[in-house]
Protein chains: 2
Amino acid sequence: MTKVNFETGLNGPEPIALEATCSSDMQKELSDYPLTGRFLMGRLRHAMGDREKEILESSITEVVDFDKGHRLVTRGEKCNHSTMLIEGFALRTIVENGRRYVVGIQVPGDFVDLHAFALKRLDHDLVTLGPAKVGYVPHSRLQDLMNSEPHLSRLFWFSTLLDAAIHRQWTLKLEQLKAYRRVAHLLAEIWYRLEMVGLAHSDGFRTPLTQTDLADMCGTTAIHMNRALRALSREGVAEFRRGNVTVTDRKNFEKHGDFNPTYLYGQGDLYIGAELTRD
Amino acid sequence: MTKVNFETGLNGPEPIALEATCSSDMQKELSDYPLTGRFLMGRLRHAMGDREKEILESSITEVVDFDKGHRLVTRGEKCNHSTMLIEGFALRTIVENGRRYVVGIQVPGDFVDLHAFALKRLDHDLVTLGPAKVGYVPHSRLQDLMNSEPHLSRLFWFSTLLDAAIHRQWTLKLEQLKAYRRVAHLLAEIWYRLEMVGLAHSDGFRTPLTQTDLADMCGTTAIHMNRALRALSREGVAEFRRGNVTVTDRKNFEKHGDFNPTYLYGQGDLYIGAELTRD
DNA sequence: TTTCGAAATTAACTTTGGTCAAGAAAGCGG
DNA sequence: CCGCTTTCTTGACCAAAGTTAATTTCGAAA
C-alpha cells in the first residue's frame, strides 16, 4: 500500500488534495490504462486479460471534460455511443411534476450508460455532479466486440448486472429504512464503491454532493435530510459537511446504515462467478 | 384477436377460467414453443429467429411444478442453472430482521434468474407466489450460447436490462409517491406486463397476491396497504379483492398511479433498439 | 355444513416526515 | 472587501404512515 493524491470535483475555496489509499497494483493499472483503468476495479478486473484491457482502452474514441450539471444522456433520446466515467460523479435523474428524483449515482470507472447499447433509449437522464471527464465508445464498436469477444461481452453484461443489484438494494432500503438510516446506508455504499476504485481515504471520502442531492436519492426533502444528517452528527456516527464525509468508527457507522456490502460483489467477498474469471 | 382461456395459480374455490385477450400470433407462439413461448413476448420476441426460438426451447433440460411459497433460488447459494418461469408468479424477496421485503415480481415468460449466470450467487431469494411451472437451463448451456450465438446473447442481456429498468422505476416510485398511488402504479405495471404475455383481460387481471404481498412490495404495512386499497375502491378507481383486480376506467386508473409504461420497453412504444432486431 | 386458519378490516394512538416561513453561513465574482 | 447565490439550519404545524389490538370475512378441508 502506498499513498497517492487525487482530485475530486470539489467546489471548495481551493481544491484540497486528499490522501487516498491506493495499492501499487491499482496505480500501475491507472498508468497503463488512464481512461479505462478503473473499469471493474475491485470486482472482476482481474478477470480481464491484458489484450482485453487494451481493446477496451482503445475503444474510447473521444474524451471530453464537462462542468457540473451537464447532461450526458437525455431521457428518451437515441444513443449511438456509451459513456465511460473517467473522473468525477454522475447521477441518474428523473424530473417529474417539477421535482427531481435520483435513482442512481455513478463513480469513476463506471460504464454509466452501457445499457443504452441494448436499450438505445434510456428512461432517465445522466447528469454530472461536479466537473467530470468521460470517454465515448461507439455502439458500432460494442457491436463488433459482441461478435468477436464473448468473454469481454460477458464482463460488460456483468457490469450492468452490478447496476441492477445496486438498484435492488436501493429499492430494499427505501422500503426498509427511515431517512436517518437510509442516508447512512447511502453514504456507506458510496464510500465502499469509491474505495474499490482507489478514491476513498481511511476516515471517509469527498464528493460534490449537497444535502439536496442526498434528499433526492433518499426520497425525502432537503429539510428532513438536514434533520437526519444532524442526528447522525449528534450521535457521533458521521459528519457530512459540504460533500465531505468524515467517520471515526466505520463499523458503527455501517451498523447504523444497516449496510452489508455483499450486493456490491467486491472481489474480497468470494461472491463472484468463478466462470467469469476464466475464458 | 381471438379469445383463449388461461389459468393462473389462484387459491379460489374453483380455478376460474378467465378470458384473456391473446392474439393468434401469440397463440401460435405458445403452441410452437410451450416452454419458452412467452420469453420477450410483447418486447423483442419478433427479433428472435425461428432457429433461435428452437435453440432456447431445447435448452430447457427439466420442467418442474411447484406449490405456492416454494423457494426457487436461495440468497447467497451458488446456482448452476437459470430458471424460466413458464406458468405462475414469483417474488424477489429479502428477509431481514424478521421482516420480509419484496424487490421484484416476475410473470410468465420471465427468465427469472438469468443474471445468476454472470453473478453466480444472488443477493435475494426467488419465491413462487402461487403454484408455478418452471424450466431449467444449465449454465454450461448458456456458456455455449454466449460463444456461438452473439445475437441471442444480446437478447438475454436485453432481458436482464428490462429487469434493471423495472428496478429503477420501483426506486423512483418509492421516492416519489405515497402508498395510495404506489399500489396503483404497481398494479398498473403488473397488468401491463401480463397483457404483454397474453394473461390479462380487458377489465383487469388475476394473481395470487395478498394485501400483505402488496405491502411488502410498496414498503408499507399490511394495515396501511388496506387503507390505500379501500381508498382506491372508495374513489371508484380500482377494486382489489383476493388477488382479483378490477378496473373500469383504465386511463383514470393509470393516472392515479402516475403510470407511464415506456420503462417496460413494450414493442408498441417505438422505444427499442432497432439494432437488436437485426443480426 | 361446520370448523379452522389465513386474509382483510377497523379504531385509537404515536412517530415520522412534509410544508411553510424565515434566517444564517459559506462560496463566488467583482 | 462587498453583494449575491447557493446551501444549510431551525421552528411550528399538519399529513402520512407505523403500532397495537381487536374483530370480521372468506376459503379450504373435514
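Residue numbers start from 1 in every chain, and the chains themselves are labelled A, B, ... in the order their sequence lines are given, proteins ahead of strands. No experiment lies behind these values; they were computed from the predicted model shown.
- Going from atom CG of B:L177 over to atom P of D:dA17 covers 10 Å, rounded to whole Å.
- When rounded to the nearest whole Å, the span between CZ of A:R241 and P of D:dC8 equals 12 Å.
- Atoms CZ (A:R234) and C1' (D:dT9) sit 13 Å apart, rounded to a whole Å.
- Taking atom OH of residue B:Y180 and atom P of nucleotide D:dA15, one finds them 18 Å apart after rounding to whole Å.
- Atoms CG (B:L232) and C1' (C:dA8) sit 16 Å apart, rounded to a whole Å.
- Per the geometry, CD belonging to B:E239 stands 10 Å off P belonging to C:dT9, to the nearest Å.
- Between B:K173 and B:E189 there is no salt bridge, since no side-chain N of the basic residue sits under 4.0 Å from a carboxylate O of the acidic one.
- Shown here are the side-chain hydrogen bond (donor to acceptor under 3.5 Å, both in side chains) partners of A:T212, two or more places apart in sequence or in another chain: there are none.
- B:A179 comes within 4.0 angstrom of the backbone, heavy atoms only, and of no base.
- Remark: B:R168 engages A:D123, A:H124, A:H167 in a side-chain hydrogen bond (donor to acceptor under 3.5 Å, both in side chains) (not counting sequence neighbours).
- Aromatic ring pairs are classed by plane angle as parallel below 30°, tilted from 30° to 60° and perpendicular above 60°; the pair A:F259 and A:Y263 is perpendicular.
- Whole-Å rounding puts the A:L209 CG to D:dT6 C1' distance at 15 Å.
- Between A:D216 and A:R100 there is a salt bridge, with a side-chain nitrogen of the basic residue lying less than 4.0 Å from a carboxylate oxygen of the acidic one.
- The nearest heavy atom of DNA chain D to A:E175 and to A:R230 marks one nucleotide each, and the one closer to the 5' end goes with A:R230.
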Using a 4.0 Å cut-off on protein heavy atoms (strictly under), produce a 5'-to-3' string for nucleotides 18-25 of chain C with B for base contact, S for backbone-only sugar-phosphate contact, and - for none.
-> BBBB----

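- Looking at A:S82, its side chain does come within 3.5 Å of a backbone N or O of A:D113 through a donor-acceptor pair.
- Between B:K133 and B:D65 there is a salt bridge, since at least one side-chain N of the basic residue sits less than 4.0 Å from a carboxylate O of the acidic one.
- Within the structure, a side-chain polar atom (N or O) of A:N226 is placed less than 4.0 Å from OP1 or OP2 of D:dT9.
- When the side-chain nitrogen and oxygen atoms of B:Q211 are compared with OP1 and OP2 of C:dA6, none of them lie within a distance under 4.0 Å.
- One atom, CG of A:N244, and another, P of C:dA26, lie 14 Å apart when rounded to the nearest Å.
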